[in-house]
Amino acid sequence: MQGIPLPESILATLVYLDILDYPLTASEVWRFLYRPERAATQEEVSAALAGLVTAGKVGESGEFYFLKGRDAIVATRAERKELSKKKWRRARSAAEFLRLVPFVRGVFVCNSVAIDNGKKESDVDLIIVVKPGRMFLSRLAVTAIVQLLGYRRSGTKIADRVCLSFYVTDDALDFASLRLQPEDPSLAFWVATFVPLIDRDATFQKVRDSNPWVLEYFPNVFAAPARNEQLKEDPTLTSVKMFFESSFGGSRGEPLEHWARSRQMKRFAANTHSRQNDATTDVVISDTLLKFHERDRRAEVREKFERRLQELGPRFFNGIS
């Protein structure tokens, strides 16, 4: 796909994040630079931003840049950062207990909280990475712990609750098959902004290595320092976890996994309101991936992004499509 000149690339970046009411610092503009035609340094991005401000195309307030006339989102970002603090405490608290769950290889925060952009009513979305062959036993244990803690999202209990809607085995970390066609910037941004809480066996880096297609959208995003909220290893907890993994990792654990799988599959099938039978990737149920995004907004965001780019002019839009 054809790249676009740096000033237009910066504008496209600001347009995409504006959909999230999220202004950017100069370094963040560089990090999320959208489809530039060539590599650009942070200094070049800063210089181009200054030119766009002078030309009246981009607004500036303190360290933040945004589309002209969108000054209000600077306060929105500050407000949501403050709201996200409680959500992060909830995520870390849950992860403290999830460290005990056998076969869990990674727990990552994603979506709005990962960039401190959670609204008051937002939940906390987690990605759970598990050992192959223990998907359903791991999910059962994770769900039970989060439920017992009183943290699990359910019904109308959403704000600050933990959403467990994405599980994946560590041999299926390439998410390219989930991409909307022909374009899916939202999925790329989602993968690019994972934040690790639990990261065994370098699983976080494996996710990045497994998804090089993300760089088609945001070529600098993996080069920028990643936020790391990883919990410190506790030798005692690790020993307990390893004991259970050794006890149930082989043939002795197969009957339990089979039972957990059968039980959960029956529950999935009984949910007649689910989109699991739609011809989309919103809900996916398999032995390597469980994705329960019944209200997946990727297509909606893509349409809004493309419409906003078109408003900048046909010549600009044709250059990036």
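Just so we're clear, the structure is a prediction, and the values are computed from it rather than from any experiment.
In this structure Phe32 satisfies the ring-ring contact (aromatic ring centres under 6.0 Å, His included) test together with Phe189, sequence neighbours excluded. Taking Trp190 as the reference, Phe166, Phe175, Phe194 meet the ring-ring contact (aromatic ring centres under 6.0 Å, His included) condition, with sequence neighbours excluded. Remark: Phe244 engages Pro102, Val240, Phe248 in a side chain to side chain contact (heavy atoms under 4.5 Å, CB included) (not counting sequence neighbours). The side chain to side chain donor-acceptor pair (under 3.5 Å) test applied to Arg161 returns no partner, not counting sequence neighbours. Under the rule for a side chain to side chain contact (heavy atoms under 4.5 Å, CB included), the partners of Asp160 that lie at least two apart in sequence or sit in another chain are Lys86, Lys87. Remark: Phe204 engages Phe108 in a ring-ring contact (aromatic ring centres under 6.0 Å, His included) (not counting sequence neighbours). With sequence neighbours excluded, the residues forming a side chain to side chain contact (heavy atoms under 4.5 Å, CB included) with Ile145 are Phe97, Leu98, Val101, Leu149, listed by chain and number. Every residue two or more places apart in sequence or in another chain that forms a side chain to side chain contact (heavy atoms under 4.5 Å, CB included) with Asn220 is listed here: Trp30, Leu33.
In summary, Lys81 and Glu79 do not engage in a salt bridge, as defined by a charged side-chain N under 4.0 Å from a carboxylate O. Taking the charged nitrogens against the carboxylate oxygens, Glu183 and Arg302 have no contact shorter than 4.0 Å, which rules out a salt bridge. Between Arg77 and Asp116 no salt bridge is recorded (no basic side-chain N to carboxylate O distance below 4.0 Å). Ion pairing of Glu44 with Arg38 is present here, as a side-chain N (NZ or NE/NH1/NH2) and a carboxylate O approach within less than 4.0 Å. Electrostatic pairing of Arg31 and Glu28 does not count as a salt bridge here, judged by no charged N lying under 4.0 Å from a carboxylate O. With salt bridges taken as basic N to acidic carboxylate O contacts below 4.0 Å, one links Asp21 and Arg70.
Here the side chains of Ile127 and Val107 are not in contact, with every heavy-atom distance at 4.5 Å or above. Residues Thr169 and Leu289 are not in side-chain contact: their nearest non-hydrogen atoms beyond the backbone lie 4.5 Å or more apart. Side-chain contact between Val130 and Val168 is absent, with no heavy-atom pair separated by less than 4.5 Å. Side chains of Leu24 and Phe66 form no contact here, defined as non-hydrogen atoms less than 4.5 Å apart. Here the side chains of Val142 and Val104 are in contact, with some heavy-atom distance below 4.5 Å. A 4.5 Å side-chain heavy-atom check between Leu197 and Arg92 finds at least one atom pair inside the cut-off. Side-chain contact check for Val113 versus Asp125: every heavy-atom pair is 4.5 Å or farther apart. Using a 4.5 Å cut-off on side-chain heavy atoms (C-beta onward), Met242 and Ser246 make no contact.
The closest donor-acceptor contact from the side chain of Lys291 to the backbone of Thr281 lies under 3.5 Å. Checked by atom type and distance alone, the side chain of Asp234 pairs as donor or acceptor with a backbone atom of Leu237 at under 3.5 Å. Without hydrogens or angle criteria, Asp296 side chain to Arg298 main chain gives a donor-acceptor distance under 3.5 Å. Although no hydrogens or angles enter the test, the distance criterion places no donor-acceptor pair under 3.5 Å between the side chain of Ser93 and the main chain of Arg90. Judged by distance alone, the side chain of Ser138 and the main-chain N or O of Arg134 form a donor-acceptor pair under 3.5 Å. Listed for the Arg208 side chain is no donor-acceptor partner under 3.5 Å among the backbone atoms of Val191. Without hydrogens or angle criteria, Tyr167 side chain to Thr288 main chain gives no donor-acceptor distance under 3.5 Å. Using a distance-only test at 3.5 Å, with no hydrogens or angles considered, a donor-acceptor pair links the side chain of Ser9 to the main chain of Tyr34. The main-chain N or O of His293 is never found under 3.5 Å from a side-chain atom of Ser165 such that the two would form a donor-acceptor pair. Panel note: side chain Asp18, backbone Leu14; no donor-acceptor pair is recorded below 3.5 Å.
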* To do: Apply side-chain contact (heavy atoms from CB on, under 4.5 Å) to the pair Val109 and Glu229, showing each step before the final yes or no.
  => CA-CA 9 Å; Val109 176; Glu229 298 287 343; over 6 Å; no
Trace of the side-chain contact (heavy atoms from CB on, under 4.5 Å) decision for Val15 with Leu309
CA-CA 7 Å; Val15 167; Leu309 293 179; 4.2 Å; yes
Show your reasoning for whether side-chain contact (heavy atoms from CB on, under 4.5 Å) applies to Val45 and Thr41. CA-CA 6 Å; Val45 168; Thr41 65; over 6 Å; no
side-chain contact (heavy atoms from CB on, under 4.5 Å) evaluation trace for Leu67 with Arg308: CA-CA 11 Å; Leu67 297 178; Arg308 296 282 294 278; 3.3 Å; yes
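Residue Ile19 holds its CD1 atom at 11.0 Å from CD of Glu303, rounded to the nearest 0.5 Å. To the nearest 0.5 angstrom, Ile10 atom CD1 is 8.5 Å from Ser46 atom OG. The line from CG of Leu180 to OG of Ser186 is 8.0 Å long, rounded to the nearest 0.5 Å. Here Ile73 contributes atom CD1 and Leu17 contributes atom CG; the two are 8.5 Å apart, rounded to the nearest 0.5 Å. Remark: Gln230 CD to Glu233 CD distance equals 7.0 Å, nearest 0.5 Å. Taking CE from Met135 and CD from Gln264, the interatomic distance works out to 9.5 Å, rounded to the nearest 0.5 Å.
A donor atom on one side chain and an acceptor atom on the other are not found under 3.5 Å apart for Thr76 and Tyr22.
Within 6.0 Å of the NZ atom in Lys119, the count of heavy atoms belonging to other residues, nucleotides or ligands does not exceed 12. The 12-atom threshold is not exceeded at CZ of Arg297, counting heavy atoms of other residues, nucleotides or ligands nearer than 6.0 Å.
Taking the six-membered ring for Trp and thresholds of 30 and 60 degrees, Phe268 and Phe292 have ring planes inclined between 30 and 60 degrees apart.
Pairs passing the salt bridge (Lys or Arg N to Asp or Glu O under 4.0 Å) check and including a residue from residues 193-202, sequence neighbours excluded, read Arg105-Asp201, Arg200-Glu245. Screening residues 147-159 for salt bridge (Lys or Arg N to Asp or Glu O under 4.0 Å), with sequence neighbours left out, gives Asp123-Arg153. Residues in residues 169-182 take part in these salt bridge (Lys or Arg N to Asp or Glu O under 4.0 Å) pairs, two or more places apart or across chains: Arg179-Glu216.
Using a 4.5 Å cut-off between side-chain heavy atoms of Ile, Leu, Val, Met, Phe, Trp and Tyr, with links allowed through other members, Leu231 and Leu164 fall into different hydrophobic clusters.
For the pair Arg263 and Phe136, the cation-pi test (distance below 6.0 Å, angle within 45°) is failed.
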Do any side-chain atoms of residues 50-63 form donor-acceptor pairs under 3.5 angstrom with protein atoms, and if so which ones, sequence neighbours left out?
residue, atom, partner, partner atom, Å
Thr54, OG1, Ala50, O, 3.0
Glu60, OE2, Tyr65, OH, 3.4

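For Glu257 against Leu137, the heavy-atom pair with the smallest separation is OE1-N, 2.9 Å.
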